[in-house]
Structures are given as C-alpha cells and as structure tokens.
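Beneath this line is the structure, given in structure tokens, with notes to follow.
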Amino acid sequence: MSDSAEAISERNAEVVRRYLRVFETKEVAEFAELVAEDVLVHGAGLHPAADTIPRDRY
C-alpha cells in the first residue's frame, strides 16, 4: 500500500525541518538519522584541492 501524495509531502517537509534545525542547534549528530549511511559529511573548511579535480571536465 503506497502513501498518499499528502502524506509523502508532509514526511518530506518534516525531514527538511529537522535538517534546518541542525543548523540552528548545531547538533550535527542528528545528521546520522537524516542522511543515508553511504553519505560522507564533511565539516566546514574542507575543500578539494585543485589537483584532485578531474582534468577531463575542462
């Protein structure tokens, strides 16, 4: 049995609210409940170096 469009929309809205709340509360641990296991979360200030960008894109 599939959820109604309204139920899916409300569930998605709740996830967005929880995601935004992380930025207000700075409770980064809550990300573990919001994102998939295979997503790697980096802290601020971690950026790829220019030599790690694939050159075939240019």
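What you see below is based on every heavy atom in this structure, not just the backbone, and it leaves out hydrogens, waters and symmetry mates.
In the hydrophobic cluster analysis, where Ile, Leu, Val, Met, Phe, Trp and Tyr join through side-chain heavy atoms closer than 4.5 angstrom, V15 is grouped apart from I8.
Expressed to the nearest 0.5 Å, how far CG of N12 lies from CZ of R17 amounts to 10.5 Å.
T25 contributes a side-chain N or O that, together with a main-chain N or O of R21, makes up a donor-acceptor pair within less than 3.5 Å.
A salt bridge between R18 and E33 is present, with a side-chain N of the basic residue lying under 4.0 Å from a carboxylate O of the acidic one.
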Check: When you look at V22 and E27, which way does the side chain to side chain contact (heavy atoms under 4.5 Å, CB included) test go after all the steps?
Finding: CA-CA 5 Å; V22 169; E27 291 293 329; 5.7 Å; no
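Residue E14 qualifies as enclosed at atom CD: its count of foreign heavy atoms under 6.0 Å is above 12.
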